[in-house]
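To start, the structure itself, in structure tokens.
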Amino acid sequence: QVQPRESGGGLVQAGGSLRLSCAASGGTLSITTVGWFRQAPGKEREIVSSISRNGETTIYAGSVKGRFTISRDNTKNTVYLQMNRLKPEDTAVYYCASRYHARTSISPRDYAYWGQGTQVTVSS
């Protein structure tokens, strides 16, 4: 079974950029739908973005639309989240999750496989 693994988090000033990567071990990420979620202290886990198995369908949370871009390179078994114009309210632990389904989903309950998360901190 696929085991996602995130990388690329860190500390950045407001207005800056980061790129998160989600690779996988134990399975092929390219045959799964992948979602990026985030969870800030005291808040519920929320969808950031999701991309279908073939990369043709993407969805974004309203709060990140126009600033974040999800993409995938199935030849590298990796999904990316490019985050631009970051804001302090983007500060959270970001998780990569996958599901063996062709369609995207915004619900964390639909994703069976989760990474450990990577911290993104945006300073004002």
Side-chain angles (χ1 to χ4, degrees):
Q1 62 189 32
V2 64
Q3 180 56 56
R5 183 177 69 253
E6 308 90 345
S7 62
L11 173 64
V12 64
Q13 288 188 331
S17 299
L18 283 175
R19 188 177 80 158
L20 304 183
S21 297
C22 176
S25 60
T28 303
L29 199 64
S30 62
I31 62 173
T32 69
T33 290
V34 175
W36 283 99
F37 294 81
R38 67 186 182 187
Q39 188 166 18
K43 295 188 176 181
E44 293 187 355
R45 193 167 296 189
E46 63 176 4
I47 185 69
V48 176
S49 184
S50 180
I51 188 166
S52 62
R53 198 160 55 188
N54 61 9
E56 293 184 353
T57 302
T58 57
I59 57 174
Y60 295 93
S63 59
V64 306
K65 193 172 291 186
R67 299 188 297 123
F68 291 11
T69 302
I70 192 170
S71 62
R72 67 190 306 159
D73 185 342
N74 285 342
T75 65
K76 295 182 178 180
N77 209 30
T78 303
V79 173
Y80 304 98
L81 184 68
Q82 178 67 44
M83 305 186 296
N84 298 328
R85 304 201 309 275
L86 283 159
K87 304 175 180 180
E89 50 264 44
D90 294 318
T91 295
V93 177
Y94 284 70
Y95 297 90
C96 175
S98 67
R99 62 194 292 247
Y100 285 103
H101 199 286
R103 297 175 66 179
T104 57
S105 172
I106 64 171
S107 174
R109 291 189 297 272
D110 289 338
Y111 292 81
Y113 307 100
W114 290 81
Q116 295 297 308
T118 186
Q119 177 70 46
V120 171
T121 303
V122 185
S123 63
S124 57

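Along the sequence shown, the residues carry numbers beginning at 1.
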Practice item. Run the numbers on Met83 and Val120 for side chain to side chain contact (heavy atoms under 4.5 Å, CB included), then give the verdict. Key: CA-CA 10 Å; Met83 305 186 296; Val120 171; 3.9 Å; yes
Side-chain atoms of residues 42-50: list all donor-acceptor pairs with protein atoms under 3.5 Å, sequence neighbours left out, distances to 0.1 Å.
{"residue": "Arg45", "atom": "NE", "partner": "Gln39", "partner atom": "OE1", "Å": "3.2"}
{"residue": "Arg45", "atom": "NH2", "partner": "Gln39", "partner atom": "OE1", "Å": "3.3"}
{"residue": "Glu46", "atom": "OE2", "partner": "Arg38", "partner atom": "NE", "Å": "2.7"}
{"residue": "Glu46", "atom": "OE2", "partner": "Arg38", "partner atom": "NH2", "Å": "3.3"}
{"residue": "Ser49", "atom": "OG", "partner": "Ile59", "partner atom": "O", "Å": "2.8"}
{"residue": "Ser50", "atom": "OG", "partner": "Val34", "partner atom": "O", "Å": "3.2"}
{"residue": "Ser50", "atom": "OG", "partner": "Tyr111", "partner atom": "OH", "Å": "2.9"}

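- Checking side-chain atoms of Gln116 against main-chain N and O of Arg5 turns up no donor-acceptor pair under 3.5 Å.
- When atom types are taken as modelled, the side chain of Ser52 and the backbone of Thr57 share a donor-acceptor pair closer than 3.5 angstrom.
- Here the CZ-CG distance, from Arg103 to Asp110, works out to 10.5 Å after rounding to the nearest 0.5 Å.
- There is a path of hydrophobic side-chain contacts, each under 4.5 Å, that joins Val64 to Leu86.
- Judged as a ring-ring contact (aromatic ring centres under 6.0 Å, His included), the pairs with a partner in residues 54-100 (not counting sequence neighbours) are, in order, Tyr100-Tyr113.
- When all heavy atoms of Arg72 and Thr33 are compared, the closest pair comes out as NH1-CA, 4.4 Å.
- Checking side-chain atoms of Ser107 against main-chain N and O of Arg109 turns up a donor-acceptor pair under 3.5 Å.
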Practice item. Check the pair Cys96, Trp114 against side chain to side chain contact (heavy atoms under 4.5 Å, CB included), reporting the backbone distance first and the verdict last. Key: CA-CA 6 Å; Cys96 175; Trp114 290 81; over 6 Å; no
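- Ala40 and Ala92 get closest at one heavy-atom pair: N-CB, 3.9 Å.
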Review point. Would Gln119 and Val93 satisfy side chain to side chain contact (heavy atoms under 4.5 Å, CB included), going step by step from the backbone distance to the final call?
Key: CA-CA 4 Å; Gln119 177 70 46; Val93 177; 3.3 Å; yes
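- Under the 3.5 Å distance criterion, the side-chain polar atoms of Thr78 are left unmatched by any main-chain donor or acceptor of Asp73.
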Return a table of donor-acceptor pairs under 3.5 angstrom between the side chains of residues 11-25 and protein atoms on other chains or two or more places apart.
{"residue": "Ser17", "atom": "OG", "partner": "Asn84", "partner atom": "OD1", "Å": "3.0"}

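- Side-chain atoms of Thr104 do not come within 3.5 Å of backbone N or O of Ile51 as any donor-acceptor pair.
- To the nearest 0.5 angstrom, Ser98 atom OG is 12.0 Å from Arg53 atom CZ.
- Scanning both residues, Phe37 and Ile106, for their nearest heavy atoms gives CE2-O, 3.6 Å.
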